[in-house]
Engineer: 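Just passing along the structure, written as structure tokens.
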Amino acid sequence: MQYDYLVVGSGLFGAVFAYEMKRRGKKVLVIDKREHIAGNIYTQSILGIHVHKYGAHIFHTSDKAIWDYMSRFAVFNHYVNSPVARYHDELYNLPFNMNTFSKMWGVVTPQQAKEEIARQIEELHIDEPKNLEEQALSLAGRDVYEKLVKGYTEKQWGRDCKELPAFIIKRLPLRFTYDNNYFNDPYQGIPVGGYTAMIEKMLDGIDVKCGVAYQEYIKSGPIGDNRLFVSHQGDTFQKVLYTGMIDEYFQYRLGHLEYRSLRFEQEEMPECDNYQGNAVVNYTDRETAYTRIIEHKHFEFGKQPGTVITREYPMEWKAGDEPYYPVNDEKNNVLFVAYKQLAEAEPGVLFGGRLGAYQYYDMDKVVAAALQMVEKEAAGGK
């Protein structure tokens, strides 16, 4: 079979690109090394609940054009992300707002909260923060840092906050209103029916092969006068969009980029209709090994008789693990620039998505980047 594009990865970036190219009359094949489509936003129905298999995903954006675009493929409910933080047996609202400060200090006005934070910061005498701990303390004071930042951050990164660079926390969202809405974006919600159904709609009419890894699928790429990619099955492709790890594509010839990974521990509770009363509860103490528990039914206001929860454990990434978060420190960013130079010189291959760009994207930014690549391709790659 002759194709214009081979899209490697059926996540959001790949699905948007494939849909747009098909709409422009191009013949597209999508492959994915997993046994399912949708990448990390894959949702699976368990006990009648759409379970986010790879962590919670809430679509949110301030860009109405992106919201309208995504609404072609799904009806979004009115879910508002309002996580709860649990520090031992104390519960606090996130993001840090007047409900948080009132519970922590007994204050009732924004001025009282600001004065308490200022008092704690002044006592610390931190002029130039040398690490993440000093940066967080200088932004929010000791109480917020100790109860809501320190333990959670150390679990996420796998090291002491004193060992982490200050730039990881550029700011802390301190809000002096009684508002538990985590995002400032005016548009947010969850696709009714789950994300998998949304991606299925994008890929409708497009050839898809799951359980297929690029490195095992492609027999040869463009060499000399041969401008086609050829698979072991004899399929040919004019171009490839690669949304996997950029260093893996080049067989780690310059070294490994670093990532943080996650382990998910899922538990089905057919006899429990409500485990924690909220979709997301963060565990901010250092002693609890997981960072949060997700109760999936609350994303869609479910009334099912049972429930499904997922405990999320951060992990050091090693080859073979799923990479979730790029470690965008100076060392890794320098290495990525070197890989990007290789990518720009690679004939017939486009690199995109969070792994191809070695950058953590919110979903709306993924969609915007994919559409931008489509427009560039439509203009002849210029």
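In this chain, residues are counted from 1 in sequence order.
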Engineer: Between L241 and G14, what is the shortest heavy-atom contact and its length?
Structural biologist: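 It is CD2-CA, 4.3 Å.
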
Engineer: Can you confirm whether more than 12 heavy atoms, excluding those of Q372, are under 6.0 Å from its CD atom?
Structural biologist: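 Result for CD/Q372: open.
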
Engineer: When you look at E346 and Q341, which way does the side chain to side chain contact (heavy atoms under 4.5 Å, CB included) test go after all the steps?
Structural biologist: CA-CA 9 Å; E346 188 75 355; Q341 290 171 346; over 6 Å; no

Engineer: Between E123 and H125, what is the shortest heavy-atom contact and its length?
Structural biologist: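 That would be O-CD2, 3.2 Å.
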
Engineer: Report the C-alpha distance between F101 and F176 in whole Å, list the side-chain angles of each, state the deciding distance to 0.1 Å, and finish with yes or no for ring pair (Phe, Tyr, Trp, His ring centres under 6.0 Å).
Structural biologist: CA-CA 9 Å; F101 307 142; F176 297 95; 5.6 Å; yes

Engineer: Between R260 and W317, does a side chain to side chain contact (heavy atoms under 4.5 Å, CB included) hold up when you go through it step by step?
Structural biologist: CA-CA 5 Å; R260 290 290 291 169; W317 177 87; 5.9 Å; no

Engineer: Under 3.5 Å, side chain of R354 to main-chain N/O of Y324, donor-acceptor pair present?
Structural biologist: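 Confirmed, R354 side chain pairs with Y324 backbone.
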
Engineer: How many angstroms lie between atom CG of D63 and atom OH of Y187, to the nearest 0.5 angstrom?
Structural biologist: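 Reported to 0.5 Å precision, the distance equals 8.5 Å.
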
Engineer: Tell me every residue that passes ring pair (Phe, Tyr, Trp, His ring centres under 6.0 Å) with Y152, counting only those two or more places apart in sequence or in another chain.
Structural biologist: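 So Y152 forms no ring pair (Phe, Tyr, Trp, His ring centres under 6.0 Å) with any residue.
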
Engineer: Return yes if some donor-acceptor pair links the side-chain N/O of Q304 with the main-chain N/O of G48 below 3.5 Å, else return no.
Structural biologist: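 Between the backbone of G48 and the side chain of Q304 there is a qualifying donor-acceptor contact (under 3.5 Å).
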
Engineer: Got a salt bridge between K201 and D204, using NZ or NE/NH1/NH2 to carboxylate O under 4.0 Å?
Structural biologist: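 Salt bridge: no.
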
Engineer: With rounding to the nearest 0.5 angstrom, report the CG to NE2 distance, D362 to H60.
Structural biologist: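 Here the rounded value is 4.0 Å.
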
Engineer: Write down the atom of V149, the atom of A136, and the distance for their closest heavy-atom approach.
Structural biologist: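 Closest approach of V149 to A136: CG1-CB, 4.2 Å.
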
Engineer: Name all residues meeting the salt bridge (charged side-chain N to carboxylate O under 4.0 Å, His left out) criterion together with D207; count only those two or more places apart in sequence or in a different chain, and write none if there are none.
Structural biologist: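 Partners of D207 under the salt bridge (charged side-chain N to carboxylate O under 4.0 Å, His left out) test: K27.
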
Engineer: Would the F17 and Y5 ring centres measure less than 6.0 Å apart?
Structural biologist: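 They qualify: ring centres under 6.0 Å apart.
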
Engineer: Flag yes if more than 12 heavy atoms outside Q2 fall under 6.0 Å of its CD atom; otherwise flag no.
Structural biologist: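 For Q2, atom CD is not crowded (no more than 12 foreign heavy atoms under 6.0 Å).
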
Engineer: The criterion is side chain to side chain donor-acceptor pair (under 3.5 Å); which residues satisfy it with Q120, sequence neighbours excluded?
Structural biologist: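 Partners of Q120 by the side chain to side chain donor-acceptor pair (under 3.5 Å) criterion, ordered by chain and then number, come out as E116, D143.
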
Engineer: Does a sphere of radius 6.0 Å around OH in Y182 hold more than 12 heavy atoms from other residues, nucleotides or ligands, not counting ones at 6.0 Å or beyond?
Structural biologist: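 No, not enclosed.
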
Engineer: Are the side chain of N180 and the backbone of S82 linked by a donor-acceptor contact shorter than 3.5 Å?
Structural biologist: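 Side chain of N180 to backbone of S82: no pair is present.
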
Engineer: Considering residues at least two apart in sequence or located in another chain, which fulfil the salt bridge (charged side-chain N to carboxylate O under 4.0 Å, His left out) criterion with K155?
Structural biologist: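 K155 satisfies salt bridge (charged side-chain N to carboxylate O under 4.0 Å, His left out) with no residue once adjacent residues are dropped.
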
Engineer: To the closest 0.5 Å, what do you measure between OG1 (T61) and OH (Y69)?
Structural biologist: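 Here the rounded value is 13.5 Å.
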
Engineer: Identify whether the distance between the nearest side-chain nitrogen and carboxylate oxygen of R159 and E154 falls below 4.0 Å.
Structural biologist: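 No, this pair does not count.
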
Engineer: Working note: F351 + Y249, criterion ring pair (Phe, Tyr, Trp, His ring centres under 6.0 Å); need CA distance, chi angles, decisive distance, verdict.
Structural biologist: CA-CA 10 Å; F351 293 85; Y249 177 89; 5.1 Å; yes

Engineer: Whether E267 and R311 form a salt bridge (side-chain N of Lys/Arg under 4.0 Å from carboxylate O of Asp/Glu) is what I want to check.
Structural biologist: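 Looking at E267 together with R311, the answer is yes, because their closest N to O distance falls below 4.0 Å.
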
Engineer: If you apply the rule side chain to side chain contact (heavy atoms under 4.5 Å, CB included), what do you find for N282 with L94, and how did you get there?
Structural biologist: CA-CA 9 Å; N282 290 356; L94 296 175; 3.5 Å; yes

Engineer: Treat each ILVMFWY residue as a node, draw an edge where side-chain heavy atoms are under 4.5 Å apart, and state whether F336 and L254 are in one component.
Structural biologist: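 Yes; L254 is reachable from F336 via cluster members.
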
Engineer: Can you check whether H296 and F264 have ring centres sitting under 6.0 Å from each other?
Structural biologist: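 So the answer is no for these two rings.
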
Engineer: Are the aromatic rings of F299 and H52 close, with centres under 6.0 Å apart?
Structural biologist: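 So the answer is yes for these two rings.
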
Engineer: Measure from the side-chain N and O atoms of N77 to the backbone N and O of V192, and report whether any donor-acceptor pair falls under 3.5 Å.
Structural biologist: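 Side chain of N77 to backbone of V192, a donor-acceptor pair under 3.5 Å: no, none is there.
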
Engineer: Any side-chain to backbone donor/acceptor pair from S138 onto I126? Under 3.5 Å, distance only.
Structural biologist: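 Side chain of S138 to backbone of I126: no pair is present.
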
Engineer: Identify the two heavy atoms, one from L137 and one from I121, that lie closest to each other, and give their separation to 0.1 Å.
Structural biologist: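 Minimum heavy-atom contact is O-CG1, 3.7 Å.
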
Engineer: Look at E375 together with R24 and state whether they make a salt bridge at an N to O cut-off of under 4.0 Å.
Structural biologist: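 Yes.
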
Engineer: Would you find more than 12 non-hydrogen atoms of other residues, nucleotides or ligands less than 6.0 Å from Q233 atom CD?
Structural biologist: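 Yes - once you tally the heavy atoms of other residues, nucleotides and ligands closer than 6.0 Å, there are more than 12.
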
Engineer: As a test of understanding, state which of T100, N93, N184 forms a side chain to side chain donor-acceptor pair (under 3.5 Å) with R175.
Structural biologist: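 By the side chain to side chain donor-acceptor pair (under 3.5 Å) criterion, R175 pairs with just one of T100, N93, N184: N184.
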
Engineer: Aromatic contact between W67 and F76, with the criterion being ring centroids under 6.0 Å apart: yes or no?
Structural biologist: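 W67 vs F76: aromatic centres under 6.0 Å.
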
Engineer: Are any side-chain N or O atoms of T288 and backbone N or O atoms of Y290, one a donor and one an acceptor, separated by less than 3.5 Å?
Structural biologist: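 No.
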
Engineer: One thing to verify: whether E146 and K150 come together as a salt bridge, which I'm taking to mean a side-chain N less than 4.0 angstrom from a carboxylate O.
Structural biologist: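 Salt bridge flag = no for E146 with K150.
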
Engineer: A cation-pi test, strictly: NZ or CZ of R263 under 6.0 Å from the centre of the six-membered ring of Y313 and no more than 45 degrees from its axis. Yes or no?
Structural biologist: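 Yes, R263 lies over the aromatic ring of Y313.
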
Engineer: State whether R119 and E122 are salt-bridged, where the test is any N-O pair (Lys NZ or Arg NE/NH1/NH2 against Asp/Glu carboxylate O) under 4.0 Å.
Structural biologist: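 Between E122 and R119 there is no salt bridge, as every charged N stays at least 4.0 Å from the carboxylate O atoms.
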
Engineer: Distance-only, no hydrogens or angles: does the Q266 side chain make a donor-acceptor pair with backbone N or O of T310 under 3.5 Å?
Structural biologist: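 Answer holds: no.
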
Engineer: For Y358 together with Y339, are the ring centres under 6.0 Å from each other?
Structural biologist: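 Y339 vs Y358: aromatic centres not under 6.0 Å.
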
Engineer: With ring centroids as reference points, do F301 and H78 lie under 6.0 angstrom apart?
Structural biologist: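 Yes.
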
Engineer: Can you list everything that forms a salt bridge (charged side-chain N to carboxylate O under 4.0 Å, His left out) with K114? Sequence neighbours excluded, please.
Structural biologist: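 Listed in chain order: nothing, the list is empty.
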
Engineer: Grouping I, L, V, M, F, W and Y whenever their side-chain heavy atoms are under 4.5 Å apart, do I218 and L355 come out in a common cluster?
Structural biologist: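 Cluster IDs for I218 and L355 match.
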
Engineer: Between atom CD of Q188 and atom CG of D185, what is the distance when rounded to the nearest 0.5 Å?
Structural biologist: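 Output value for this atom pair is 7.0 Å.
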
Engineer: Could you tell me which non-hydrogen atom of M198 sits nearest to which non-hydrogen atom of P191, and how far apart they are?
Structural biologist: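 Scanning both residues completely, I find the closest heavy atoms to be SD-CG, 4.1 Å.
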
Engineer: Report yes or no: is the cationic atom of K103 (NZ for Lys, CZ for Arg) closer than 6.0 Å to the six-membered ring centre of Y92, at no more than 45° off its axis?
Structural biologist: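 Yes, cation above the ring, under 6.0 Å and within 45°.
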
Engineer: For D32, is there any backbone N or O sitting under 3.5 Å from a side-chain donor or acceptor partner on S10?
Structural biologist: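 Judged by distance alone, no pair lies under 3.5 Å.
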
Engineer: Pick one: which of R34, E322, E312 meets side-chain contact (heavy atoms from CB on, under 4.5 Å) with Y54?
Structural biologist: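 Going through the options one by one, the only one that passes is R34.
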
Engineer: Does S102 reach the main-chain N or O of N99 with its side chain, forming a donor-acceptor pair under 3.5 Å?
Structural biologist: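 Judged by distance alone, no pair lies under 3.5 Å.
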
Engineer: Kindly give the heavy-atom pair with the smallest separation between C210 and E35, and that separation in Å.
Structural biologist: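 In this case the closest contact between C210 and E35 is CB-C, 3.8 Å.
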
Engineer: Is the backbone of A65 close enough, under 3.5 Å, to the side chain of D68 for a donor and an acceptor to pair up by distance?
Structural biologist: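 Not a single qualifying donor-acceptor pair exists.
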
Engineer: Is it the case that more than 12 heavy atoms not belonging to R171 sit under 6.0 Å from its CZ atom?
Structural biologist: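 Open: at most 12 neighbouring heavy atoms sit under 6.0 Å from CZ of R171.
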
Engineer: Can you measure from CG (D329) to CG (L335) and round to the nearest 0.5 angstrom?
Structural biologist: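 Here the interatomic distance stands at 10.5 Å.
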
Engineer: With sequence neighbours excluded, what pairs up with E216 under the side chain to side chain donor-acceptor pair (under 3.5 Å) test?
Structural biologist: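 E216 satisfies side chain to side chain donor-acceptor pair (under 3.5 Å) with no other residue.
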
Engineer: Going from OH on Y325 to CH2 on W157, what distance comes out if it is rounded to the nearest 0.5 angstrom?
Structural biologist: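 Atom-to-atom, Y325:OH and W157:CH2 are 10.0 Å apart.
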
